[in-house]
Amino acid sequence: MNGNHTRNHTPLEPKADRETVRRHNLSLVLRAVRDEGEVTRAGVSARVGLTRAAVSSLVEQLMESGFLSESGKTFSGQAGRPGTVLKVARTGVAGIGVEINVDYVSVCVVDLAGTDRVRLVEHLDNRGAAPAQVLGRAAGIAARALASAAEQDLRPVGAELALPGLISAGTVRQAPNLGWTRVAAEGPFAEALAALRPGLAALPVRSENEANLAALAELWFGGLGQVRSFLYLTGEIGVGGALVLDGELLSGAHGFAGEIGHVVVDADGPECRCGSRGCLEQYAGQSALLRAAGIDENAGAAGVAELERRAREGDERAVTALRQAGLMLGRVLSGAVNLFDPDAVVLGGIYRPLVPWLSPAAGGELAGRVVSGLWPEGSGRLRASSPAADAARGAAARVVQDVLADPVAYAAP
């Protein structure tokens with residue numbers, strides 16, 4: 001070998017010291033207890049592969065920091081002392097999620113177990129309103145939710161915004177249905193929230209696309225069972241999408257993956273707010289659905305409820321509108337399924353109650369167009385989202401995920 005030859009080495013992370021290893025193991029133990037719901041120290045030891053003595057030391061630290069509680073006795077049927085049952089604490093650290101959508105704001109606080117503890121929803125028409133006004137109103141709802149959380153001895157350690165559009169570095173690059181372009185969201189929301197809570201520490205705020213967060217909520221709290229790869233569609237004023245592959249969100253090179261609502265169905269179709277023509281949301285978005293069914297397209301949630309009522313009663317115009325929307329959904333979905341090969345497609349948002357009328361046409365398109373042959377009609381791969389999963393809960397749970405990853409960083413002062 002030439003003595004002057006040099007290799008390009010990827011820089012290695014520094015060697016883990018004792019403190020780093022302990023922080024990692026604290027996370028392992030906390031996540032094990034959270035995943036099991038109730039478990040003894042011996043059960044944790046078996047799950048994480050640490051000695052019982054090591055687990056006991058870690059558990060004591062987590063209890064002192066307010067992350068775990070223990071209660072009762074459990075008898076294993078074997079010789080030796082009965083063990084106490086460990087659970088994640090119902091008080092203390094929590095996360096808050098704030099979904100700002102076109103016609104509503106939803107705020108959710110979840111505890112360390114991921115349980116929805118506070119929920120506030122206000123139906124507001126945010127179209128045409130100045131971004132600062134919308135963010136200020138959302139901060140007001142969040143402040144009320146934080147007050148309710150405090151009454152339950154919960155301490156949210158961060159907030160996450162769920163926003164409908166292209167989100168990058170805290171800025172809404174484009175949200176056509178809100179009319180937002182290059183709007184800084186995190187800073188103004190954090191300032192508005194801090195102003196409403198004088199004397200209290202400001203919460204760190206971050207943001208993400210609402211469909212991505214709804215998909216994560218479906219992964220964590222939905223009824224997917226063993227499914228770890230799925231395409232999630234959320235129907236609102238627009239149509240959002242997210243792809244989860246092997247339990248990980250596919251964000252794309254710039255964080256903009258999943259904009260399925262702006263896949264073009266017909267290049268000569270109606271003009272879309274994004275500037276293109278014939279986008280999927282012009283056929284399957286909330287406004288398009290209500291308009292096709294003869295319902296006021298600005299009626300919001302009440303209009304969707306009316307559409308469902310008419311469909312149940314067999315109203316021909318309503319059923320036809322849903323069938324046509326299902327057809328367009330199925331055509332676009334079949335292309336995505338051929339490209340990514342997910343195990344399931346999950347329909348959330350306004351689509352969830354409308355699945356009985358959307359799925360026959362959408363399922364027929366999937367059966368006829370997916371080349372793998374794995375999507376025959378009645379396969380169950382096309383399904384409604386769980387009522388327990390939505391973007392606000394996903395946003396709040398992402399904050400909690402950070403706590404679970406490094407509890408030491410979030411221990412009570």
Side-chain angles (χ1 to χ4, degrees), residues 21-97 108-119 148-158 216-228 247 386-390 392-412:
V21 171
R22 186 169 181 85
R23 288 177 82 139
H24 172 75
N25 287 342
L26 285 164
S27 171
L28 270 183
V29 170
L30 182 57
R31 284 183 285 133
V33 175
R34 195 282 308 263
D35 291 347
E36 293 291 336
E38 294 185 355
V39 65
T40 62
R41 286 170 169 79
V44 173
S45 176
R47 173 159 181 162
V48 302
L50 296 169
T51 67
R52 293 195 188 187
V55 166
S56 286
S57 171
L58 295 163
V59 164
E60 292 303 320
Q61 183 174 342
L62 289 167
M63 288 177 62
E64 288 171 9
S65 300
F67 294 111
L68 294 180
S69 63
E70 65 178 341
S71 61
K73 301 286 185 183
T74 177
F75 293 89
S76 64
Q78 300 173 349
R81 291 191 310 164
T84 53
V85 173
L86 298 168
K87 302 178 185 179
V88 292
R90 281 186 54 80
T91 58
V93 168
I96 182 168
C108 175
V109 175
V110 303
D111 61 20
L112 207 50
T115 306
D116 193 333
R117 298 285 293 277
V118 180
R119 171 74 65 162
S148 296
E151 292 173 359
Q152 299 181 54
D153 293 322
L154 290 168
R155 178 174 63 88
V157 294
L216 289 175
E218 189 69 29
L219 176 68
W220 295 329
F221 309 116
L224 290 173
Q226 298 302 309
V227 170
R228 303 285 290 166
S386 165
D390 65 279
R393 190 175 183 191
R398 275 241 299 192
V399 176
V400 169
Q401 290 291 321
D402 290 342
V403 178
L404 294 169
D406 187 12
V408 171
Y410 296 92

Minimum heavy-atom separation for [X] to [Y], with atom names?
| X | Y | result |
| --- | --- | --- |
| Ser386 | Gly223 | CB-N, 4.0 Å |
| Ser56 | Arg41 | OG-CD, 3.4 Å |
| Cys108 | Arg393 | SG-CA, 3.9 Å |
| Glu70 | Leu86 | CB-CD2, 3.8 Å |
| Val33 | Val88 | CG1-N, 3.8 Å |
| Val44 | Ala32 | CG1-CB, 4.4 Å |

Cut-off 3.5 Å, no hydrogens considered: what does the side-chain donor-acceptor table look like for residues 395-406, sequence neighbours left out?
residue : atom : partner : partner atom : Å
Arg398  : NE   : Glu160  : OE1          : 3.4
Arg398  : NE   : Glu160  : OE2          : 3.3
Arg398  : NH2  : Glu160  : OE2          : 2.8
Asp402  : OD2  : Arg206  : NH1          : 3.0
Asp402  : OD2  : Arg206  : NH2          : 3.1
Asp406  : OD1  : Arg23   : NE           : 3.1
Asp406  : OD1  : Arg23   : NH2          : 3.2
Asp406  : OD2  : Arg23   : NH2          : 2.8

Candidate pair Arg34 and Leu112, rule side chain to side chain contact (heavy atoms under 4.5 Å, CB included), full reasoning
CA-CA 8 Å; Arg34 195 282 308 263; Leu112 207 50; 5.7 Å; no
Reference residue Arg47; test side chain to side chain contact (heavy atoms under 4.5 Å, CB included); the match among Val39, Asp35, Leu28
Asp35
Do the side chains of [Y] and [X] get nearer than 4.5 Å, heavy atoms only?
| X | Y | answer |
| --- | --- | --- |
| Gln152 | Val109 | no |
| Gln61 | Val29 | no |
| Val408 | Leu26 | yes |

Quick one, Arg117 with Glu151, criterion salt bridge (charged side-chain N to carboxylate O under 4.0 Å, His left out). Give me CA distance, side-chain angles, the key distance, then yes/no.
CA-CA 11 Å; Arg117 298 285 293 277; Glu151 292 173 359; over 6 Å; no
Starting at OG of Ser71, measure out to CD of Glu38 and round the result to the nearest 0.5 Å.
6.5 Å
How long is the straight-line distance from OG1 of Thr115 back to CZ of Phe221, given to the nearest 0.5 Å?
8.0 Å
Under 3.5 Å side-chain donor-acceptor pair for Arg155 and Thr91:
no
Between Arg22 and Ser57, is any side-chain donor less than 3.5 angstrom from a side-chain acceptor?
yes
Counting only heavy atoms not in Arg90, do more than 12 fall under 6.0 Å of its CZ?
no
